[in-house]
Amino acid sequence: MNITEIDTRLGTKNNFRFSNGNTLPLTGAPFAMNFFTVQNDGSQGSWFFDPDSRRFEGFRVTHQPSPWMGDFQHLQILPISIAPEATISDPAGSFDNTTALFAPTQLQLHDLRYDIASQLVPSTYGAILTSHYPDNQNSGIQLELPGKFDLTLSSHQISGWVSNFSGCEDPEFKMYIVFNFSQPLNLTRTKLLTVNCQAVEISDQTHLKGTDLRLCTFFNGQENSLQFASSFISLEQAQLSLSRQLSKGPKQQLTEVIDAWQHYFQRIEINDRQHTDRVKTFYTMLYRMFLFPQKFYELDEQKQPIHYDTKSKMTKPGILYTNNGFWDTYKTVYPLYSLIAPELLQEMLQGFLTSYRESGFLPKWLSPDERGLMPGTLIDAVIADAARKDLIAPTELNEFLEAMIKSATVQSDDPKYGRRGTLDYLKYGYVPDTHDESVNHTLDYAYSDYCISVVAEKLGQTELAKKYRQSALNYQNIFDPEVGFVRPKDPNGHFEKDFSPIEWGHGYTEGSAWQNGFAVYQDVAGLSQLYGSTDAFYHKLVELVNTPPKFDVGAYGFEIHEISEMVALNFGQLAMSNQPSFHIPYLFTYVKHPEMTQLLVKQLLLTSFAASPTGFPGDEDNGSMAGWYVLSALGFYPVTPGSGEYVLGMPIFDQVILHLPADKTFELKTKHNFDQNQFVKARQFNGQDYHMSYLTHEDFMAGGQLTVDLGLAPDPRPLNNDELPYSINQY
C-alpha cells in the first residue's frame, strides 16, 4: 500500500476519561525530530485534537508522544486573511474535516473563515507550508508561541527561540526556530497580541522578547511559501537545517518524504484482494510503528550527528533518540524492527547507549530526557533481543552489559533513574509492598535478570549468565499457592491480607492480579508448575478469559480510564486495552492448547482494531499496540524477547512477503482464509509438515515459506513438550 493512502486520524477520538488510542494525527518523516498536526482546541491541554471538530486554530509543531506525557516545545501557525487593523478576539477558523487530507506525508485543508487553502509538507527537521489567499492585500500568518520566547523579525525571516517544555533536566531548554517567507514581510503592519512582550526596533529588524506571544504579520501576494526549521542545539543549527531545505519546493519535498515512508512500507508486501479494509488497517497500524522514537540528533556542517545533552547542558557528538517508553514498546516495536529494519534498530541502540553514557543509567521513559515513569528497566529486553540476534557489536555489547548490571545493582539517588527498590529486591528476592506497584517491579526485574543472562551468555560469561538466570526465577517468591496468584508481600515475608483478584492498583500497575500476574515471559513452564501442572495452568487461563470484566477500583480510588476500556472491550479479564495483557492469548500455546491462542487472537484482530478514529481498544503508546496488531496479523508474536523465538498464532492475510536483509524473502501463505475458519488445521514450513509452536529468528532470516491451512475445527493433535516455546524450566 502507498503511504499516501493512510489517514493519520487512527485512534484520535479520545478524552482524558476514555481512550480509543490517545494518538495524534501526526504528519512527518519517519522518526522525525518534529511532527505536525492540526490543533482544534488548545484549551483542552494535551487533548487538543478532535477528529469530529471543524475548528482550526492552526498547524501545530508538536513533540507530544502521549497526552499523559504532554508536549515538549510546541507552537502554532495559522494562515489568516484580515485587515491588519481588525480586532480579533478569537482568530480560529474552520474547515471541512471530511475533505481535509490527513496523511503521513502532508496536511491539506481549506480554512472556510479566511478562504485560505494550505498544504504542509514535512521534512525531518522542518516543513514547507504553502498557503493560497483570496486577495493580495490582507495576506498574513499568525504565530502563537506559548511560554518564553526571544525573536528577531526581518524582511523575510522570523527567528529565535521558544521554551515551553513539559519536563526536562535543563530548566532553560529551548527550541530554536526559523521561519522563512517567500513574500517580504510588512513589519509596519505586524501586530503583537500579547501584554508580556518587549519590542525593540533595530534598523530594519525588530527584536521581541517575553512570554506567551501571539504575533500577526502580513505580506503582499496571494501565495506564500513558509519554510520552517528548528533545532534543540542553536539558532545557527536551525538555520543550517533550513538552508538544506530552501532549495526544495513542496513537490520535491513531498516526493522525498513519500520515498522515506515507502522505504519501510515496501518491506511488508500483502496480497489479499478479499480483505481490502483489513489490509488498510494493517498498513495504518504500520504507520504508527515508524513514528517513535523520534530523532533527537541533528546533522552538523559535515553532516555528522550531534545532539543537545540536557543533563550537562552541552552539545555533544553522536546519535540520540527520544519520546519512547520501553515499558510499552519493548515487546512489539523493537522485535519487528529486528526482522524488517535491523539497521534502524542498530542506530537506535547507539542512541540508547548515548543516553547511558550521559545520564549514568539506561533510559526508561525519554521525553525529551528521562522521566522515570512505569515499572522495570525493560530496555533490557530490547538489548537482549538484539544481542540474541547478533545485532550488537561485541564492544558495545560489553558496555550494554555493564549498564544493565548497574541498573540491577545500584540504587540511584535520583528516583527517575534505574530500578526502584533495587536494594530491597536484592535483599529479599522480591520488591516488598513498601514500594508501590511491587508485584510489577518484581516480575519485571526477574525478566530483566533473564535478559542480563542472555547478554552474559552471548559474551561467554557463563557464571554470570548462570547467576542471573537463577535470579530470573524470583517471580516464584511472590506466588501465593493459597489464592493462585502472584501478589504483594511485606518485608517480613507475609502476603497482604484481604486479597481480591479484581482489585486494581497498589501492588499492580494499571490493572489487577488478573492482568499483571502472568508476566513471566522467561519461564512460563515454571509458572505453570506453581499452579500444579500444565493442565491446571490451562484452566487458570480459561478462568481468566471467562471471568467477566468486573473490578474494584482499589488503591486508585476512582475508575481510571484503563478500567473503563477493559470493561468496554468485554473480553473477560483479558484487557487487550493495555500492555500487560498483550502476551496472554499466546500463553495457551505454552500449555498445549494452541487452538485457544488462535481463537482469541483472531477474535481480537477482527473485532478490536480498525483504521478509524476509534481504532484501538486503549492507549496505543508509541507503536506498541499497533505493533501487537501488526505482528499478530502476520501470524506470530515474540512472547519472550531475548529468546529469539516467535510463537505462532493466527494469520489473517492470504499472502504476506517479508522483504528481509541480504535480499532474503519470507512468504507467509494462508489457505482457506475465511473469517469463520478460526483454527489452524495444518502448517508447512519450506514444504514440510511443521508441528513446532514457534519459528526462530534464524528461520526468518534464512528466507523461506510458512503455509498455514485454516479450518472450522481445531487440530486434535496435541503438542509435545519439545515442540513448545522456550522456558528456563523445561516441560
Side-chain angles (χ1 to χ4, degrees), residues 9 25 27 36-42 48-61 75-103 105-122 126-145 153-158 178-194 206 213-228 245-246 248-254:
R9 286 172 284 190
T27 293
F36 302 86
T37 188
V38 165
Q39 179 171 303
N40 295 132
D41 188 355
F48 56 79
F49 178 80
D50 179 351
D52 295 330
S53 173
R54 299 168 64 97
R55 181 176 170 87
F56 179 52
E57 295 180 351
F59 297 101
R60 180 162 171 148
V61 181
L75 56 86
Q76 290 79 247
I77 309 167
L78 177 66
I80 57 174
S81 178
I82 57 170
E85 63 274 9
T87 300
I88 321 173
S89 58
D90 185 350
S94 65
F95 71 105
D96 186 342
N97 54 16
T98 65
T99 59
L101 179 62
F102 285 79
T105 55
Q106 62 175 312
L107 286 165
Q108 284 189 21
L109 60 80
H110 190 148
D111 189 322
L112 301 173
R113 174 179 179 179
Y114 299 114
D115 192 21
I116 300 172
S118 294
Q119 176 199 40
L120 185 148
V121 180
I128 304 173
L129 174 61
T130 305
S131 299
H132 298 272
Y133 294 84
D135 60 58
N136 63 1
Q137 297 299 314
N138 300 313
S139 305
I141 290 280
Q142 175 183 287
L143 300 178
E144 188 163 346
L145 281 66
L153 284 65
S154 58
S155 61
H156 280 83
Q157 278 197 1
I158 298 176
V178 184
F179 299 93
N180 191 84
F181 297 82
S182 61
Q183 302 290 345
L185 301 180
N186 190 333
L187 297 181
T188 61
R189 300 172 71 193
T190 296
K191 297 178 64 174
L192 300 179
L193 306 178
T194 177
T206 301
L213 175 66
R214 181 178 289 173
L215 179 149
C216 295
T217 189
F218 297 87
F219 38 78
N220 293 325
Q222 290 184 263
E223 179 179 306
N224 181 70
S225 180
L226 172 61
Q227 296 253 17
F228 165 80
Q245 184 179 286
L246 282 175
K248 305 170 187 176
K251 187 174 181 180
Q252 181 182 349
Q253 186 60 57
L254 181 59

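- A side-chain donor-acceptor contact under 3.5 Å links Asp135 to the backbone of Asn138.
- Distance alone, capped at 3.5 Å, is enough to place a donor-acceptor pair between the Gln222 side chain and the Pro134 backbone.
- A distance of 9.5 Å separates CD of Glu144 from CG of Leu75, quoted to the nearest 0.5 Å.
- Counting only heavy atoms from C-beta outward, the side chains of Tyr114 and Ser94 never approach each other to under 4.5 Å.
- Annotation: Tyr133 is in aromatic contact with Phe219 [ring centroid separation under 6.0 Å].
- Here the shortest heavy-atom pairing between Leu109 and Ala100 reads CB-CB, 4.0 Å.
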Full working for side chain to side chain contact (heavy atoms under 4.5 Å, CB included) between Arg214 and Gln142:
CA-CA 7 Å; Arg214 181 178 289 173; Gln142 175 183 287; 3.4 Å; yes

Verify side chain to side chain donor-acceptor pair (under 3.5 Å) between Ser182 and Asn224, making sure each step is shown before the conclusion.
CA-CA 6 Å; Ser182 61; Asn224 181 70; 3.2 Å; yes

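- Scanning all heavy atoms of the two residues, the minimum distance from Ile128 to Ser225 falls at CG2-OG, 3.5 Å.
- Taking the six-membered ring where the residue is Trp, the centroids of Phe102 and Phe49 are separated by under 6.0 Å.
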Begin from the C-alpha positions of Ile77 and Leu143 and carry the test side chain to side chain contact (heavy atoms under 4.5 Å, CB included) through to its verdict.
CA-CA 5 Å; Ile77 309 167; Leu143 300 178; 4.0 Å; yes

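- Judged by distance alone, the side chain of Ser118 and the main-chain N or O of Ser131 form no donor-acceptor pair under 3.5 Å.
- Considering all non-hydrogen atoms of both residues, Leu129 and Leu120 come closest at CD1-CB, 4.0 Å.
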Checking side chain to side chain contact (heavy atoms under 4.5 Å, CB included) for the pair Ile141/Ile80: CA distance, chi angles, key distance, verdict?
CA-CA 5 Å; Ile141 290 280; Ile80 57 174; 5.8 Å; no

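- Distance alone, capped at 3.5 Å, places no donor-acceptor pair between the Gln253 side chain and the Ala127 backbone.
- Between Thr190 and the choices Ile158, Leu153, Leu185, Thr206, the side chain to side chain contact (heavy atoms under 4.5 Å, CB included) rule is met once, by Leu153.
- Both cation-pi conditions hold for Arg60 and Phe48: the charged atom is under 6.0 angstrom from the six-membered ring centre and inside a 45 degree cone around its axis.
- Residue Gln183 holds its CD atom at 7.0 Å from NE2 of His156, rounded to the nearest 0.5 Å.
- In this structure, Gln245 contributes its side chain and Gln227 its backbone to no donor-acceptor pair below 3.5 Å.
- Ring centers of Phe228 and Phe179: under 6.0 Å apart, within the cut-off.
- In this structure a side-chain-to-backbone donor-acceptor pair under 3.5 Å is missing from Gln39 to Phe56.
- For the pair Gly42 and Glu57, the tightest heavy-atom approach, listed with the atom from each and the gap, is N-OE1, 2.8 Å.
- In this model, a donor atom of one side chain and an acceptor atom of the other lie less than 3.5 Å apart for Asp115 and His110.
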With side chain to side chain contact (heavy atoms under 4.5 Å, CB included) as the test, would you mind laying out the steps for Leu101 and Leu107 before giving the verdict?
CA-CA 5 Å; Leu101 179 62; Leu107 286 165; over 6 Å; no

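- A donor-acceptor pair under 3.5 Å links the side-chain atoms of Thr37 to the main chain of Pro25, judged by distance alone.
- Geometrically, Arg54 does not engage Phe95 in a cation-pi contact, judged by NZ or CZ lying under 6.0 Å from the ring centre and within 45° of the ring axis.
- Here the options are Asp90, Asp50, Asp41, the test is salt bridge (Lys or Arg N to Asp or Glu O under 4.0 Å), and the partner is Arg55; only Asp90 passes.
- Here the shortest heavy-atom pairing between Asp111 and Pro79 reads OD2-O, 4.4 Å.
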Steps toward side chain to side chain donor-acceptor pair (under 3.5 Å) verdict (Gln119, Gln106):
CA-CA 7 Å; Gln119 176 199 40; Gln106 62 175 312; 2.8 Å; yes

